[in-house]
J.: 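Can you keep this structure in mind? I'll have questions shortly.
Throughout, protein chains are lettered first and strands after them, A, B, ... in sequence-line order, and every chain is numbered starting at 1.
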Number of protein chains: 2
Amino acid sequence: MELQLNKLNKTFENRIRLGVMSILMVNDWVDFNSLKDLLKITDGNLASHIKALEAETYIEINKQFINKKPNTSYRATLLGRKAFNEHLNILEKIIKQK
Amino acid sequence: MELQLNKLNKTFENRIRLGVMSILMVNDWVDFNSLKDLLKITDGNLASHIKALEAETYIEINKQFINKKPNTSYRATLLGRKAFNEHLNILEKIIKQK
DNA sequence: ATAAAGAACTTTGTTCGGCAAAGTAACAAC
DNA sequence: GTTGTTACTTTGCCGAACAAAGTTCTTTAT
C-alpha cells in the first residue's frame, strides 16, 4: 500500500479553484459573472482564485466588450486540463487505494 | 448547472485527513506508526489531524500495550464512513457536473 | 471635456489552518 | 527512581482564504 498524497496538486485542493476548473472542463468560454453566480462568492475572492489559476497557466483569459459593457471570459488551457485530470487520477488512486 | 461546493466536508479537504480516512475505509484497525509511515509526516502533525477527526467522531481510538510498548490504534466510525462517502459523492457530482 | 456608471480587478486587514520543533505525560522495565 | 519508548501537546511561525473597501478602465451621457 502506497499513498501518493504529495502528488495531489495544491492548486486544486481549494474548493473554489476545484469548482472553477470543473466548470471550465465542460464549458469552453465562461465569463466572470457566470462563474461568480455559480460559485456564489464575492468578486474579489473569485478574482484572486482566477489569478492563481492563471499564474499556473491553467486557464487563459479573453477580454472584450459585449453590449458596450466589459466582459472577461476564461477557459482551461491544455496544460490546465492535463494537470486537472492528473489530479483527479491521483485522487482516485488514494481513495480506492489502487 | 448547480455546483454544490459548500456541501463538501471541510474535514476531508485537507490531504492528510483525506489520507487517514482513505486508509481507515479499507483497514479495520490501524496504529499510529503505520499511519505515520504511510503518510510520511511528523508525529505531532499526525496527532493534530487525528484529533480533528476524533473531534468529529469520525474515528475511534483504542489504546493498549503490545510487546510491553504502548500502541494506539484507530478505525473509522460508522458516522465517519457515512460522512466520507457523502463527501466523495458530492465531489463526484462537482467534477462530473451531474 | 467632464462626469457618471458598471465590470473587473487590487489592496488592506483580519482570521484561520498547517506545520516543524521542542516539550510533556504515561507506562514499562530494570 | 531512572531510563526508554510512544503518543500527544504546546509554541511559534508562515501562508492561505476571505470580506470589504478602494481603484482602474472604458463607455455613455451631458
Side-chain angles (χ1 to χ4, degrees), chain A residues 3 5-24 29-75 87 94, chain B residues 3 5-24 29-75 87 94:
Chain A
L3 289 187
L5 287 189
N6 42 14
K7 283 194 180 175
L8 287 172
N9 192 324
K10 274 217 138 197
T11 305
F12 304 133
E13 286 191 51
N14 173 273
R15 65 172 70 185
I16 306 293
R17 292 191 297 268
L18 177 81
V20 171
M21 283 306 292
S22 296
I23 291 168
L24 297 186
W29 285 101
V30 182
D31 70 19
F32 189 86
N33 278 309
S34 298
L35 287 176
K36 196 179 143 191
D37 289 347
L38 285 166
L39 301 170
K40 297 181 179 65
I41 54 177
T42 59
D43 59 345
N45 194 8
L46 176 55
S48 77
H49 287 297
I50 282 175
K51 198 177 171 186
L53 289 169
E54 200 206 351
E56 301 289 332
T57 329
Y58 288 164
I59 63 174
E60 58 182 317
I61 300 186
N62 180 42
K63 297 191 186 213
Q64 57 181 333
F65 274 80
I66 296 180
N67 299 329
K68 319 292 185 185
K69 286 193 269 184
N71 182 280
T72 308
S73 282
Y74 311 89
R75 78 166 166 189
H87 176 76
I94 292 169
Chain B
L3 290 188
L5 286 190
N6 43 12
K7 283 194 179 176
L8 287 172
N9 192 323
K10 275 217 137 195
T11 305
F12 303 133
E13 285 192 51
N14 172 274
R15 65 170 72 183
I16 306 293
R17 293 192 296 270
L18 177 81
V20 171
M21 283 306 292
S22 295
I23 292 168
L24 297 185
W29 286 101
V30 181
D31 70 18
F32 189 87
N33 278 309
S34 299
L35 287 177
K36 196 179 142 190
D37 289 347
L38 285 166
L39 301 170
K40 297 182 179 63
I41 54 177
T42 60
D43 59 345
N45 194 8
L46 176 56
S48 77
H49 287 297
I50 283 175
K51 198 177 170 186
L53 289 169
E54 200 207 351
E56 300 290 333
T57 330
Y58 289 164
I59 63 175
E60 58 184 316
I61 299 187
N62 180 42
K63 298 190 186 211
Q64 56 182 333
F65 274 81
I66 295 180
N67 299 328
K68 319 291 186 185
K69 287 193 268 183
N71 182 280
T72 309
S73 281
Y74 311 89
R75 78 167 166 188
H87 176 76
I94 292 167

J.: Looking only at side-chain atoms of B:N71, point me to the closest of C:dC19, D:dA7, D:dT27.
T.: D:dA7
J.: Whole-Å distance between C:dG18 P and B:L18 CG?
T.: 13 Å
J.: Please give, in whole Å, the distance from D:dC18 P to B:N6 CG?
T.: 11 Å
J.: Between P on C:dA7 and CG on A:N67, what's the gap in Å once rounded to a whole number?
T.: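 So the two atoms are 11 Å apart, to the nearest Å.
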J.: Excluding sequence neighbours, so at least two apart, what forms side chain to side chain contact (heavy atoms under 4.5 Å, CB included) with A:K51?
T.: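 Listed in chain order: nothing, the list is empty.
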J.: Mapping A:N14 and B:I61 to their closest nucleotides on DNA chain D, which lands nearer the 5' end?
T.: B:I61
J.: Counting only side-chain nitrogens and oxygens, does B:Y74 get under 4.0 Å of the OP1 or OP2 atom of D:dA7?
T.: no
J.: Counting side-chain heavy atoms from CB outward, which of C:dA8, C:dC27, D:dA7 is closest to B:T72?
T.: D:dA7
J.: To the side chain of B:N33, which of C:dC19, D:dT27, D:dA7 is closest?
T.: D:dA7
J.: Output the residues of residues 40-57 of chain A in contact with DNA chain D, where contact means a heavy atom of the residue under 4.0 Å from an atom of the strand; sort by number or write none.
T.: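 By residue number: A:T42, A:N45, A:H49.
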J.: Show the atom names and distances, to 0.1 Å, of all donor-acceptor pairs under 3.5 Å that link a side chain in residues 30-50 of chain A to residues at least two apart or in another chain.
T.:
from, atom 1, to, atom 2, distance (Å)
A:D31, OD1, A:N33, N, 3.4
A:D31, OD1, A:S34, N, 2.9
A:D31, OD1, A:S34, OG, 2.7
A:D31, OD2, A:N71, ND2, 3.1
A:T42, OG1, A:N45, N, 3.4
A:N45, OD1, A:H49, NE2, 3.2
A:S48, OG, A:N45, O, 2.9
A:H49, ND1, A:R17, NH1, 3.0

J.: Dump every N/O contact between nucleotides 23-25 of chain D and the protein below 3.5 Å, one line per pair.
T.:
none

J.: If the cut-off is 4.0 Å, is A:K63 near the phosphate of C:dC9, judged by side-chain N/O to OP1 or OP2?
T.: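 Yes, within the criterion.
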J.: Compare all side-chain heavy atoms of A:L24 with those of A:L53 and state whether any distance is below 4.5 angstrom.
T.: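 They are not in side-chain contact.
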J.: Show the nearest heavy-atom pair for residues A:R15 and B:N6, with the distance to one decimal.
T.: NH1-CA, 3.2 Å
J.: Over how many whole Å does the gap from B:N62 atom CG to D:dA7 atom P extend?
T.: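 Taking CG of B:N62 and P of D:dA7, I get 12 Å after rounding.
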J.: Could you tell me whether the side chain of B:N14 and the main chain of B:I16 form a donor-acceptor pair under 3.5 Å?
T.: yes
J.: Using atom types as modelled, flag every donor-acceptor pair under 3.5 Å from a side chain in residues 54-64 of chain B to any protein atom, sequence neighbours excluded.
T.:
from, atom 1, to, atom 2, distance (Å)
B:Y58, OH, B:N9, ND2, 3.2
B:E60, OE2, B:R75, NE, 2.8
B:E60, OE2, B:R75, NH2, 3.4

J.: Would you classify A:R15 as touching base, sugar-phosphate or nothing, given that sugar-phosphate means primed atoms plus P, OP1 and OP2, and contacts are heavy atoms under 4.0 Å?
T.: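 Nothing: the residue A:R15, judged by heavy atoms under 4.0 Å, touches no strand.
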J.: Are OP1 or OP2 of D:dT6 and a side-chain N or O of B:K69 less than 4.0 angstrom apart?
T.: yes
J.: Rounded to whole angstrom units, what separation is found between the CD atom of B:E13 and the P atom of D:dA16?
T.: 16 Å
J.: Measure the spacing between NE2 of A:H87 and OG1 of A:T11 and express it to the nearest 0.5 Å.
T.: 9.5 Å
J.: Once side chain to side chain donor-acceptor pair (under 3.5 Å) is applied, do any residues pair with B:K7, and if so which ones, sequence neighbours excluded?
T.: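 For B:K7, the residues satisfying side chain to side chain donor-acceptor pair (under 3.5 Å) (neighbours in sequence not counted) are B:Q4.
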J.: Rounded to whole Å, how long is the line connecting atom CD of A:Q64 with atom C1' of C:dA7?
T.: 13 Å
J.: Could you work out which one of D:dT6, C:dA8, D:dA17 sits closest to the side chain of A:R17?
T.: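 Closest nucleotide among those given: D:dA17.
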J.: CD1 of A:I66 versus C1' of D:dT26: gap in Å, rounded?
T.: 15 Å
J.: Would you mind reading off the distance between B:F32 atom CZ and D:dA7 atom P, rounded to a whole angstrom?
T.: 6 Å
